[in-house]
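Residues: numbered from 1 along the sequence shown. Treat the numbers as computed from the prediction; the structure is a model and nothing was measured.
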Amino acid sequence: MDKVNAWTEWGRLKTVMVGKADNACFQPNELASHGKINNKSIAAEIDWPIGKKKNIFIEKANEQLNNFANILSNRGITVLRPDPIEFNQSIKTPGWEIAHMFCCVCPRDVLITIGNYIIEASLSKRGRFFEYLPYRKAIYQLWEKDSAMKWKAAPKPSMNDEMYWEGYWEKFIDFESKSDAEKEKILTNYLYVLNEHEVAFDAADITRCGKDIFIQHSMTANLKGAEWLRRELENHVRVHVLHFPYDKEPSHIDCTFVPLRPPKGNKPGIILTNSERPLAKNEEKLFFDNNWQFINAPKPSPLNYPMPTFCQSSKWLSMNLLSLDENTVVIEENEHDLNDLLENLGFEVIKIPYRYVFEFGGSIHCSTWDIEREDSASDFFPTLSRA
Ligand code: DAV
């Protein structure tokens, strides 16, 4: 580790945090989260489980996480790991209490490095209220080592009932029987379970392209969250809000819109996009005017679908990759079509087994937090500077 520095998703990776599954619990049901069982044949027979996950699954996920961490270390990348707390205990604030917490497999949701800033996000799920704690020892070490590092924690939301719109859970009832115009209206009203009462965002709703960062308006990131970032990061980066109207439960941009490499000369920059969740039409222009190309990820591998029974993410974990530099990416071992697409684009593709991690909140990108990359605050959207 030399310094805290990451402006992009693709600069050469030097230091990264990889999550751990120790003490993991099921994500508790609450206003912001309704657990669903991804296996129709047993869904009717069992309720969403509570409490700690079975040791066997924790061990299997840890094997895959540790294997990934070793692969990164063997390539000369410094790998940090969190300090898991006891997640299987109740927590209580003046406004609510919940029977247990979740886990520390996905630092991506909790933390983001933007240049020399480390930002602790303001998560909106009660089961994740204390999820910054497993990373605090590492953050203090980074802060002590690098006197240029800035450390900001977004305002901690109350997570009281007023922060959530419960009507969301009925929003799509009978959706398929509606007319196209009605469907369009519902999809573009962008009302999610997280409302606008308080600042809230998961760090995983953000993606970085040098001088510009993009945050998707989602179930886990509201417009007040984006506005907080805009004000705090003025003179540091430009903050843009993106919408993906066809995603009915958007949460985390890294299965939807994944920048792979920047434009160079005449060669366009590449963003891996999701054919089922295209960017809102009126938000495309900025990218096309600045020589970025959208390339749809292939269909997720049938080898990974259906998703594991207790996985709360979509099949699009397929595109949840981590870039080690602008020519090297790590993907899940079963995603053969994605492998072929990336190889054709000139990438070296490293494949790792990761399916056991899926039910702990995500896949490869989710389970990491990049702390140091070789990159700078380059302007990849020069039309904005000219404007
Ligand atoms: O498509 O379900 C999952 C991201 C999890 N961190 C999706 C996004």
Is [X] linked to [Y] within one hydrophobic cluster, defined over Ile, Leu, Val, Met, Phe, Trp and Tyr using a side-chain heavy-atom separation of less than 4.5 Å?
X: M319; Y: F347; result: yes
X: M17; Y: F87; result: yes
X: I77; Y: I371; result: no
X: L229; Y: V4; result: no
X: W316; Y: L338; result: yes

Before giving the answer on side chain to side chain contact (heavy atoms under 4.5 Å, CB included), spell out for R75 and I350 the whole-Å C-alpha distance, their side-chain angles and the decisive distance to 0.1 Å. CA-CA 11 Å; R75 293 180 78 104; I350 300 162; 3.2 Å; yes

How long is the span from the [atom1] atom in [X] to the [atom2] atom in [Y], to the nearest 0.5 Å?
X: D254; Y: I206; atom1: CG; atom2: CD1; result: 11.0 Å
X: F175; Y: K248; atom1: CZ; atom2: NZ; result: 5.0 Å
X: W151; Y: D146; atom1: CH2; atom2: CG; result: 13.0 Å
X: M219; Y: S124; atom1: CE; atom2: OG; result: 9.0 Å
X: S367; Y: F68; atom1: OG; atom2: CZ; result: 5.5 Å
X: H365; Y: S323; atom1: NE2; atom2: OG; result: 7.5 Å

So do [Y] and [X] actually touch side chain to side chain, heavy atoms under 4.5 Å?
X: I271; Y: T207; value: no
X: R81; Y: D22; value: no
X: Q216; Y: F257; value: no

Taking [X] for the side chain and [Y] for the main chain, is one N or O donor matched with an acceptor at less than 3.5 Å?
X: N291; Y: P263; value: no
X: N334; Y: S301; value: no
X: N320; Y: I364; value: yes
X: Q293; Y: I270; value: no
X: R126; Y: M159; value: yes
X: Q312; Y: K36; value: yes
X: T220; Y: D202; value: no
X: D205; Y: I215; value: no
X: W169; Y: L31; value: yes
X: N339; Y: V349; value: no

So R108 and D370, salt bridge (Lys or Arg N to Asp or Glu O under 4.0 Å) or not? Walk me through it. CA-CA 8 Å; R108 179 69 55 189; D370 34 358; 2.9 Å; yes

With a 3.5 Å cut-off and no angle check, do the side chains of [X] and [Y] form a donor-acceptor pair?
X: N38; Y: T309; result: no
X: N5; Y: E372; result: no
X: Q27; Y: W48; result: no
X: T256; Y: N274; result: no
X: T328; Y: D325; result: yes
X: T113; Y: W369; result: yes

Here's one to test your reading of the geometry: is the NZ or CZ of K156 within 45 degrees of the ring axis of F129 and under 6.0 Å from its centre?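 Yes, a cation-pi geometry.
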
Please confirm whether K125 makes a cation-pi placement over F102, using NZ or CZ under 6.0 Å from the six-membered ring centre and within 45° of the ring normal.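 No, K125 does not sit over the ring of F102.
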
Taking [X] first and then [Y], would you say they form a salt bridge - that is, a charged N and a carboxylate O separated by under 4.0 Å?
X: K183; Y: E176; result: yes
X: E359; Y: K60; result: no
X: D379; Y: R238; result: yes
X: E374; Y: R12; result: yes
X: D340; Y: K351; result: no
X: E284; Y: K281; result: yes
X: E326; Y: K267; result: no

Please confirm whether the ring centroid of W10 lies under 6.0 Å from the ring centroid of F380.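 Aromatic pair counts; centres sit under 6.0 Å.
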
Using the ring centroid of each side chain, check whether W7 and H236 are separated by less than 6.0 Å.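 For W7 and H236, the ring centres are under 6.0 Å apart.
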
What's the verdict on salt bridge (Lys or Arg N to Asp or Glu O under 4.0 Å) for E120 and R136, showing C-alpha distance, side-chain angles and the deciding distance? CA-CA 10 Å; E120 291 181 21; R136 274 289 174 89; 2.9 Å; yes

Taking atom [atom1] of [X] as the centre, does the number of heavy atoms from other residues, nucleotides or ligands within less than 6.0 Å exceed 12?
X: I50; atom1: CD1; value: no
X: Y246; atom1: OH; value: no
X: F294; atom1: CZ; value: yes

List the steps and the verdict of side chain to side chain donor-acceptor pair (under 3.5 Å) for S158 and E198. CA-CA 8 Å; S158 69; E198 297 183 30; 2.6 Å; yes

Quick one: sort the [X] and [Y] rings into parallel, tilted or perpendicular, breaks at 30° and 60°.
X: Y168; Y: F172; result: perpendicular
X: F214; Y: F287; result: tilted
X: F381; Y: W292; result: parallel

Restricting to non-hydrogen atoms, name the atom on C209 and the atom on P259 that form the minimum distance, rounded to 0.1 Å.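 For C209 and P259, the tightest heavy-atom pair comes out as SG-CG, 3.8 Å.
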
I need the minimum non-hydrogen distance between S122 and P157, along with the two atoms involved.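 That would be CB-CD, 3.7 Å.
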
Determine whether N23 and K20 satisfy the following criterion, side chain to side chain donor-acceptor pair (under 3.5 Å), listing intermediate values before the conclusion. CA-CA 9 Å; N23 304 343; K20 270 189 187 176; over 6 Å; no

Salt bridge (Lys or Arg N to Asp or Glu O under 4.0 Å) for E227 and R230? Distances and angles first, verdict last. CA-CA 5 Å; E227 175 61 13; R230 192 191 66 74; 2.9 Å; yes

Would you please name every residue forming a ring pair (Phe, Tyr, Trp, His ring centres under 6.0 Å) with H100, sequence neighbours left out?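 H100 satisfies ring pair (Phe, Tyr, Trp, His ring centres under 6.0 Å) with no residue once adjacent residues are dropped.
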
Applying the side chain to side chain donor-acceptor pair (under 3.5 Å) criterion to S314, which one of E249, R277, E276 satisfies it?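 Answer after filtering E249, R277, E276: R277.
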
Report the C-alpha separation of D337 and K299 in whole Å, then their side-chain angles, then the decisive distance to 0.1 Å, and conclude whether the side chain to side chain contact (heavy atoms under 4.5 Å, CB included) test is met. CA-CA 8 Å; D337 291 348; K299 284 211 162 50; 5.6 Å; no

